[in-house]
Asker: 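Below you'll find the structure I mean.
Throughout, protein chains are lettered first and strands after them, A, B, ... in sequence-line order, and every chain is numbered starting at 1.
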Amino acid sequence: MPEQDDPQNIGQSMFGLAEELFPICRSITGDGVRQTLSIIQRELPNLTIHEVPSGTKCFDWVVPPEWNIRDAYIIDPSGDKVVDFNKSNLHVVSYSTPVDESMSLDELQEHLYSIPDDPDAIPYITSYYEEKWGFCLTHNQRENLKPGTYKVVIDSTLKLGHLTYGELILPGSTAEEVLISTYVCHPSMANNELSGPIVTSFLGKWLSELSDRRYTYRIIFIPETIGSICYLSKNIEQMKKNVVAGFNVSCIGDDRGYSYIASRKDGTLADRIVNHVLEFKVDRFTKYSFLERGSDERQYCAPGVDLPVVTVMRGGFNDFPEYHTSRDDLTVISPEGLFGGYELLRTCIECLEMNLKPVTKILCEPQLSKRDLYPQLSTKEYNVNVRNLMNVIAYSDGQTGLLEMAERFGSPMWEMYDILAILLQAEIVSVE
Amino acid sequence: MPEQDDPQNIGQSMFGLAEELFPICRSITGDGVRQTLSIIQRELPNLTIHEVPSGTKCFDWVVPPEWNIRDAYIIDPSGDKVVDFNKSNLHVVSYSTPVDESMSLDELQEHLYSIPDDPDAIPYITSYYEEKWGFCLTHNQRENLKPGTYKVVIDSTLKLGHLTYGELILPGSTAEEVLISTYVCHPSMANNELSGPIVTSFLGKWLSELSDRRYTYRIIFIPETIGSICYLSKNIEQMKKNVVAGFNVSCIGDDRGYSYIASRKDGTLADRIVNHVLEFKVDRFTKYSFLERGSDERQYCAPGVDLPVVTVMRGGFNDFPEYHTSRDDLTVISPEGLFGGYELLRTCIECLEMNLKPVTKILCEPQLSKRDLYPQLSTKEYNVNVRNLMNVIAYSDGQTGLLEMAERFGSPMWEMYDILAILLQAEIVSVE
Amino acid sequence: MPEQDDPQNIGQSMFGLAEELFPICRSITGDGVRQTLSIIQRELPNLTIHEVPSGTKCFDWVVPPEWNIRDAYIIDPSGDKVVDFNKSNLHVVSYSTPVDESMSLDELQEHLYSIPDDPDAIPYITSYYEEKWGFCLTHNQRENLKPGTYKVVIDSTLKLGHLTYGELILPGSTAEEVLISTYVCHPSMANNELSGPIVTSFLGKWLSELSDRRYTYRIIFIPETIGSICYLSKNIEQMKKNVVAGFNVSCIGDDRGYSYIASRKDGTLADRIVNHVLEFKVDRFTKYSFLERGSDERQYCAPGVDLPVVTVMRGGFNDFPEYHTSRDDLTVISPEGLFGGYELLRTCIECLEMNLKPVTKILCEPQLSKRDLYPQLSTKEYNVNVRNLMNVIAYSDGQTGLLEMAERFGSPMWEMYDILAILLQAEIVSVE
């Protein structure tokens, strides 16, 4: 593996970026997305920002009106501001239509959302495709509301505008592509979903500096669902032709183990790579079947789209208790958690890049002794490294990639890298 | 699933038919078969009766002479009628040549068959292809025979005639066929084999009334072995071309669990359907390998014939203690037992009919909210039905049938039916 | 199976041959190999001796100079001959250059080899491709050497000559070949490796006398590694075209269970045959993966060579404690051990010869009763042999060999032989 950068530094930088991005009120459209992408552009100067007009047809969907919000609050009968958007942008149902009314508590209740089982948490609620308005609050707050007349204000706009996304294409020596996709549509929640864009940004930085990329990298920062559908509707032909592996990056900044969601057909290059890396990198991990999907792999693996894409997570959205509530704050993620996710994906990409299929230039075993690669005297003990070296030679049939060798030999793929380098140097094998 | 008819009524009707058919002395040819088919024709008016002349060549076999019997008995030295065909038609070895003689007990013994280990049961013995005569009796009866001269009479005829079978073809909207085969050659035994023809008759009634059959149904009532060989010799070309699944129905009227014999190559559509239905319909069942075969699947799956046929049973012939003895009487079967077998096969046929391969009309996920199919607001809880709906959409790639989806999702196939109906209605998927 | 010869006699004859061959000082070239092949030629008169000149290029290798040795010893400061080639030819590093010098103990130590963990054993050391000289001795001997001046003599020659190997081609009725390969390059060690050439010699004798060989047999006695590489370089085109299964025979004369090393791709005919025979012949056995290879299967299965070759062993070289030391003497092997190895391979060859694919001449089941092959009366009990007979008929589809049938039926393949003979006789099936 290339030398590791200082985990401490990278982790801290990622966490710093999370702190900066956390307060922004993102949704699937609007200025919060633009502001977020603008900050990411600071890390990835070649990031291109795309704007797709409201009303654009994307397969079965239509880009919705753009939503922006300036303020929102509820004033109770005593004149107290009991719910305030400025304290948490989760307080407003995303895509709420504007409102400026007085109403009874009973009328108001029909617009309130809380979680009785988790009475201190504000839920995260959206209503992108049905025009309505609403407030989210803790169940304790809601229980304390007294009868009377409430003043309710949401200072939002919902009108023709754009859906905004970021795209970074890093050309490689082949047209074959690796997709890295993450989403930028969640308001103030940390693991789901600031961790994805942050880890992806740092992967993008690292990939930008790689001088010898074999694959072309397609890195996108999009709103979930409508964003991936919109992006696919514009790029599907090229992606179906070129993408050999893809990683959807989500919920990847906590310290809770690792997991991935298999692609619909399972067993693609992306599935095998992430499974192999997790086997040798971490003590244990969870593999979710596609039946437990929940993120943009739903679109990338849809029938007719059929891209080889997995979703890579630490504690996945199926399993983490703060999911889609105000409790998913910056305490859920950490510098170490973010760095772990980054390192996992970086290793996956290194493995992809190095998954070459060597082919021997020599029939039968090469004579290693004349090349100073082999102990001159046969002895009773066998050197493990020589054994692995011999194994790579023995499977250099031009059909077996280093990944398959690593799986077969029960060794991590990065041990195969060095051996391949030695064998190329000694002109024992070649690669295309 | 279509609405269930009243199990009580159907079970009772089937048991009534069993009581009517039980006393008839059937063999592989003769008037007992004709009488049986004539009664079945009352249930299935479109049943065609075929007569194949003795001497007709059927692959390696020849249709034997027709056998009929009027009376048979043994009179002991005291003048008592100790064995009497009128008490049980199992007393005579099927296909016995006529005899009218007096002989010593020693001479008689060479023509007697009994079961020492089951001394109250009369065995069921046949000699279709070697000309001989014999009597079957309980071992207790046999032990009580005293030395002396016996009068032995079998009033039978064995001469050129016909092999008789019944056939009902119910056309569907495609030429693809489902075979349902059962046999009508056993004398007074209930589970093996009145249960098969009775369950098959009622399946035929139900299928006759189905207005929208996708498949053509080929339902046959034949003598075992020579009947299936004879039938195949006349119809093999068409059957090899058209049959997509087949069920041989036998030993299916008792209350003893369920089982099936896999086809020779296993994994055919018939194997998968019956296995799936049993998995979701009953607590436990037995799958027999083809190496444990014993009924007409031997012919349908023979090399060169290779039809996708399984044998469906309740307590199979490998396992039930009354097998091929007088103890297999009407107490072995029951209205509930017969209805259970009927319902199993009816469900298999429903699954076959509904095993469509939907294909999405939409790239990426459809927008369910605009179709009133999806909760408008994302919440923390997931509705299982929505999940299954989403899964069917996600696998509507035109290559995955509802059976494969049900297997993959771990849900019964009939849950897929309703979802498919909704999706067709919503024009999200189509089927050929 | 053909009748077994008397195990006692064959075992004793094999052990006698081992006693005769044991003292000869073999290496990868030289007169020890010639003397060994000459004795084997007495058993196999048609064995052809080939001589390949030093300097001949063989893929990545070159045939080395020929090495011969007449005497070697070390005389200590007291004038005692403390190490003597005449007591054990393992005392000299194989391919040692000549030496006749006096030197201090310190200088001598650099040329000594012993095993501290096994202080009574002389190790077996070679230096074929680096010119050097050395002595091997027990660690106890070495510990007793006193300071002073030693006289060291190795009376060897290393000069242009030949690599010598033996080859026996036994033509069969087809051009398809079975390879049997073993090696003749080890000095006085019994299991590794006199057992291989001895068992192979006796297989060759047995095969020479078989009148109706289906396959052509290519039996070779070669030095390990350079010998197989040299042989392949001359014969690879024909072998790649013709070899359907191959057995490399090594470490096969002890009493320690059985094992084999799978071919690189596993699942070849050779793998399946040896696995099947071991399953039904012995209580337990070890299957080594190709990753645990160590003998000439390394060359036969190398990428681009890709022959279907397994290595068949009793206690394999991975597991036996005397491996490559003076302790691998005649007490490690036995008449019974050698006979067991011989019988295993003979059975494998019989299975190969008999692995025919019968095809039925009859659609549906044949009528066995008219052929006197089947009990005339149906009864409650089933004869196992009839069942196996019926199973062979049921799978005679022209695509299923007797090996696959035996695997499927869970019966040894030799039970299939007799059944096939009956069915061919009865004209129920044919074979190509």
Asker: Could you walk me through whether C:R293 and A:R387 pass side chain to side chain contact (heavy atoms under 4.5 Å, CB included), step by step?
Answerer: CA-CA 10 Å; C:R293 68 197 178 283; A:R387 179 54 90 167; 3.8 Å; yes

Asker: Is it the side chain or the backbone of C:I236 that comes within 4.5 Å of chain A heavy atoms, both, or neither?
Answerer: side chain

Asker: Please name the pair of heavy atoms, one in A:S369 and one in C:Y129, separated by the smallest distance, quoted to 0.1 Å.
Answerer: OG-CB, 3.8 Å

Asker: Look at the side chain of C:D60 and the backbone N and O of A:Q367, then say whether any donor-acceptor pair between them is shorter than 3.5 Å.
Answerer: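 Yes, C:D60 side chain to A:Q367 backbone: donor-acceptor pair under 3.5 Å.
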
Asker: Determine the minimum heavy-atom distance between C:P303 and A:L363, stating which atoms define it.
Answerer: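 That closest heavy-atom pairing would be O-CD2, 3.9 Å.
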
Asker: Heavy-atom count check: over 12 atoms from other residues, nucleotides or ligands less than 6.0 Å from C:K57 NZ?
Answerer: yes

Asker: In Å, rounded to the nearest 0.5 Å, how long is the span from NZ of C:K265 to OG1 of A:T400?
Answerer: 7.5 Å

Asker: Is the number of heavy atoms from other residues, nucleotides or ligands under 6.0 Å of C:Q109 CD greater than 12?
Answerer: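 Correct, the count exceeds 12.
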
Asker: What are the two closest heavy atoms between A:C364 and C:A302, and how far apart are they?
Answerer: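 For A:C364 and C:A302, the tightest heavy-atom pair comes out as CA-CB, 3.8 Å.
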
Asker: In terms of heavy-atom proximity below 4.5 Å to chain A, should C:L291 be classed as side chain, backbone, both, or neither?
Answerer: both

Asker: Taking side chain as C-beta onward, heavy atoms only, is A:Y395 less than 4.5 Å from C:R264?
Answerer: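 A:Y395 reaches C:R264 side chain to side chain.
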
Asker: For C:R298 and A:E365, indicate whether the former's side chain and the latter's backbone hold a donor-acceptor pair under 3.5 Å.
Answerer: no

Asker: Answer yes or no: does atom CD of A:E279 have more than 12 heavy-atom neighbours from other residues, nucleotides or ligands under 6.0 Å?
Answerer: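 More than 12 within 6.0 Å, yes.
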
